[in-house]
Protein chains: 2
Amino acid sequence: MAVTIKQVASAAGVSVSTVSRAFTAPDQVQPQTLQRVREAAAALGYSPNPAARSLRGGRTGSLGLIIPDIANPFFPPIFKAMQARARRLGYTVLAADTDEREYDELETIAAVSKQVDGLILWASTLPEERLRELGAEMPTVLVNRHVEGMAELRISLAQGIAQAAEHLKAYGHTRCVFVNAEHGEHGRGKSIREVFEAHDLSLTELGPYDPRFETGLHAATLVAAGEATAVLAHNDLVALGVLHQFAKLGVGVPDRVSVIGIDDTLLAATSTPSLTTIRISADEVATAAADLLIDTIAGRGEGRVAGIGSRLIPRASTGPAPG
Amino acid sequence: MAVTIKQVASAAGVSVSTVSRAFTAPDQVQPQTLQRVREAAAALGYSPNPAARSLRGGRTGSLGLIIPDIANPFFPPIFKAMQARARRLGYTVLAADTDEREYDELETIAAVSKQVDGLILWASTLPEERLRELGAEMPTVLVNRHVEGMAELRISLAQGIAQAAEHLKAYGHTRCVFVNAEHGEHGRGKSIREVFEAHDLSLTELGPYDPRFETGLHAATLVAAGEATAVLAHNDLVALGVLHQFAKLGVGVPDRVSVIGIDDTLLAATSTPSLTTIRISADEVATAAADLLIDTIAGRGEGRVAGIGSRLIPRASTGPAPG
DNA sequence: GTGAAAGCGCTAACAT
DNA sequence: ATGTTAGCGCTTTCAC
C-alpha cells in the first residue's frame, strides 16, 4: 500500500531508527544525515502511519470533541477554530455528536476515546460519577460542567448578561421576560435572574421549554398579550422564533418589544431585523479548550479551570421602550 | 493502559485467536466458548484497539468526509446523517474542513487519508488529475465533481428548479433575477438558465459574487431598482441577505418581490418571512454517499454514479406577482 | 550519532 | 473448533 519507514531508510542508506528520529527528534541526528533522510522521504512521498505510531507510543495525535448537536449553529465555528488551533499544535480534531441523548453519549465516548489522546466534553449530561471515572482513564476537559479535580472550561455569560441589562435599562425598559429553554440546574436562568434583579429590572420567566424555534413562536404569543417590553431568549434560535411570531402578530420590533438572543450564531447576524445578542467567541473558546486539553495530556492541566467571557453585540432588534 | 485481548484470553481460558474470532467472526466459535469470552470481555471492560486492528488489517473503520466549510449550515445535517448511517454499518465518520482553499484541501486530505478507509470529497476544487491520482490510491467518492471511472454522487437541482419555475409562473411572474454567487463552470447557473428559459421566464443574472450574506444585500438593492418581481438566490444565506435588504428598503416580500433560496438550511425555516427554498435532503445525500463509499471500499462501487434529486419547499417568501 | 532488535495489540495463515 | 505464530509500521531501549 503506502511507503514505509523501511523504504525510506534504504533509499537514504541509513537505518530505520535514524529515519524515525529524523521525524520525532531531528536534533538527535546529524544535519547532513537529516537532510538525506528528508530528501528520500520527500522523493518517496513518505509520511508516518498514525496507526503504527499510536500502537507503539500510545499516542494518537488526535483530540476528541464530544458535542450535543453539531446542527446547532453554535458549534461549527468552534469545531473549525479548534481544528485550526490543534493543527498548529500537531493534533487533529475528531468531532462526534451525541444527539443529546445520554445513552448515545456513553457509546459515542467509548467509540471515540480509543482513537484520541484526550476528550473535550461539551455540556455533558453524564452523571458526575461517570465523568470522574472518565477523567481517571484519560485526559478530559469539561466544558460547562464542574467536577472537583478535573480540568474545566467555564463559559460565563455574566458580563454579556450584565451588558444586556444595562443596555435595556438605558433604553428605559423595566419589564422583561426570559424565555427559558433548558431543563436542569446547570442552565442560564439563575445568572440571568440575579443580574436583572441587581439592575432593578423585573423579570418574568417562561418555560422551561425546549431550545427550538417553535418555543420562540409560542413565547412571543404570550409576551404579546402582556406588558413586557423586552425579551431575552435562551439562545438565538429561540429568539428568532420570537421575532418571527412578532412579525406575524404585527408586534413591532424594536418599537413595541425589544428582543435579545444568546450565542451570536449566523442566525443572529442574518435575521430581519438583525438580532442583538450575547456573543461567546468561538475562537477564544476553541483555543482555550484545545490548549487546556493539550496541557492536561501533558500532565500539567489537571484540575485547572479556565474562563471565557461574553459580551453584548447590539444590533437592530433592541431600541427604546415604547411610551 | 487498557485491557488487551491477552487478558481476556487468559480470563476466559482460551487462546487469543479465539477471542479475536469471537469479535470478528462469531459464527466460527462454539456458542458456549463465545459466551465465556463475551463474559470475560465484559467483565474486564475490553474493547479492541483500533490502532492495532488497522495496523494489522489495513482497515481503520473510518470514513473521511472532506467538506469546504462546516460553518455552512448545509453541512452539519449531512455530517450528522452520515454519522448515523455509518455507525450502523460499523464505521465512524471523520470530518475535516478545507476552508475552501486548495492548498488546505491537499494538506487536509493527506492528514485524513491515513486514518480512513475511504474518502468522500465534497465539491473538491482539486484539478481532475489530482483527483484521479487520489482515486487510484484509495477508495474515493466525488460529490458534484465528475471524473471518468470514479464513483460519483450527483446532486441535481433540476427538479427543484423546475418546480420553482412552475411555482413562479403559476403566480404570474415573468421577470426573474438569479443571484449567482459561485465562480467557475461547475455552478448552479447553467441549469437554472436552461430551465427558466424553457418555462418562458426571463432571467437576468447578477454576479458572480461570493456566497455571502452581504451579496444578498447588494443584489437586493439592484433588484429593487429594476422591474423584476422574483429573485432566485444561489443559496439560503444569500437569499436571507436579499430579504434583509428588502425589509430595509421597504420592498414588500412577497407583495412586491418573491424570493427563493437553495439548500433548505435552518436559516430558511426560521427567517421572517420564512423562505421558499429548494431542498436537498441531507438524509438522502448522506446515506447515498456513505453507501457508495462503502461499496467502493468493498470493490463494487468503482465508477458508479448515484443521483440525488431536489424539490421546492414553498413557504412565505413567494406569492402572486404584483399588478 | 547511529544501528539492532524487541514489542505495542491485533489478525490471519497454518497447524492441530 | 481452537491454538500457535508471524508480522503490520513504528518507537525506543540498549549497544556500539
Side-chain angles (χ1 to χ4, degrees), chain A residues 1-38 40-41 44-62 90 92 110-111 113-117 137-138, chain B residues 1-41 44-62 90 110-111 113-117 137-138:
Chain A
M1 197 182 109
V3 25
T4 79
I5 203 174
K6 234 172 177 166
Q7 306 175 38
V8 178
S10 69
V14 298
S15 75
V16 290
S17 21
T18 301
V19 178
S20 174
R21 277 191 280 263
F23 281 88
T24 56
D27 45 307
Q28 282 181 41
V29 20
Q30 215 147 30
Q32 46 168 312
T33 317
L34 188 60
Q35 169 83 356
R36 273 222 316 289
V37 172
R38 285 205 168 132
L44 291 156
Y46 167 80
S47 79
N49 177 329
R53 216 174 227 195
S54 102
L55 182 54
R56 181 60 235 234
R59 193 180 162 288
T60 65
S62 297
T92 296
S113 63
K114 294 263 165 192
Q115 324 205 37
V116 300
D117 297 335
E137 269 175 40
M138 91 171 335
Chain B
M1 197 182 111
V3 25
T4 79
I5 203 173
K6 233 172 177 168
Q7 306 175 37
V8 178
S10 69
V14 297
S15 75
V16 290
S17 31
T18 302
V19 178
S20 174
R21 278 191 281 263
F23 282 87
T24 56
D27 44 307
Q28 282 180 43
V29 18
Q30 214 148 29
Q32 45 167 314
T33 317
L34 188 59
Q35 169 84 355
R36 273 221 316 289
V37 172
R38 285 203 168 131
E39 274 166 11
L44 291 153
Y46 168 80
S47 79
N49 177 329
R53 225 176 216 190
S54 99
L55 182 55
R56 180 62 236 234
R59 191 179 164 288
T60 65
S62 297
S113 62
K114 293 261 166 189
Q115 324 204 36
V116 299
D117 297 335
E137 269 176 40
M138 92 171 335

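Residue numbers begin at 1 in each chain, while the letters A, B, ... track the order of the sequences. Predicted, not measured: the structure shown is a model, and the values here were computed from it.
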[X] side-chain N/O to [N] phosphate OP1/OP2 under 4.0 Å:
{"X": "A:Arg53", "N": "D:dT11", "value": "yes"}
{"X": "B:Gln28", "N": "D:dT2", "value": "no"}
{"X": "B:Ser15", "N": "D:dT4", "value": "no"}

[X] near the nucleic acid: base, sugar-phosphate alone, or nothing, with a heavy-atom cut-off under 4.0 Å?
{"X": "A:Thr24", "value": "sugar-phosphate"}
{"X": "A:Ser20", "value": "base"}
{"X": "A:Phe23", "value": "nothing"}
{"X": "B:Ser17", "value": "base"}

### Query
Given D:dC10, D:dG3, D:dC8, which nucleotide is nearest the side-chain atoms of A:Ile5?
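So the nucleotide nearest the side chain must be D:dC10.
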### Query
From the list C:dG9, D:dC10, C:dG1, which nucleotide is the closest neighbour of the side chain of B:Asn49?
C:dG9
Flag the pair [X] / [Y] as yes when at least one side-chain heavy-atom distance between them is below 4.5 Å, and no otherwise.
{"X": "B:Val8", "Y": "B:Val3", "answer": "yes"}
{"X": "B:Gln115", "Y": "B:Ser54", "answer": "no"}
{"X": "A:Lys114", "Y": "B:Pro50", "answer": "yes"}

Please state how far atom [atom1] in [X] lies from atom [atom2] in [N], giving the value in whole angstrom units.
{"X": "A:Tyr46", "N": "D:dC10", "atom1": "OH", "atom2": "P", "answer": "4 Å"}
{"X": "A:Gln7", "N": "D:dG9", "atom1": "CD", "atom2": "P", "answer": "9 Å"}
{"X": "B:Arg36", "N": "D:dA1", "atom1": "CZ", "atom2": "P", "answer": "15 Å"}
{"X": "A:Lys114", "N": "C:dC10", "atom1": "NZ", "atom2": "C1'", "answer": "12 Å"}
{"X": "A:Leu55", "N": "C:dC10", "atom1": "CG", "atom2": "P", "answer": "9 Å"}
{"X": "B:Arg56", "N": "D:dG9", "atom1": "CZ", "atom2": "P", "answer": "10 Å"}

### Task
Starting from the C-alpha separation in whole Å, work towards a yes-or-no answer on side chain to side chain contact (heavy atoms under 4.5 Å, CB included) for A:Asn49 and A:Arg53.
CA-CA 6 Å; A:Asn49 177 329; A:Arg53 216 174 227 195; over 6 Å; no
### Query
For the side chain of B:Arg21 and the base of D:dG3, is some donor closer than 3.5 Å to an acceptor across the two?
yes
### Task
Report the distance from atom CZ of B:Arg38 to atom OG1 of B:Thr33, rounding to the nearest 0.5 Å.
11.5 Å
#### Entry: Toward the 5' end of DNA chain D, by each residue's nearest nucleotide, B:Ala52 or B:Asp27
B:Asp27
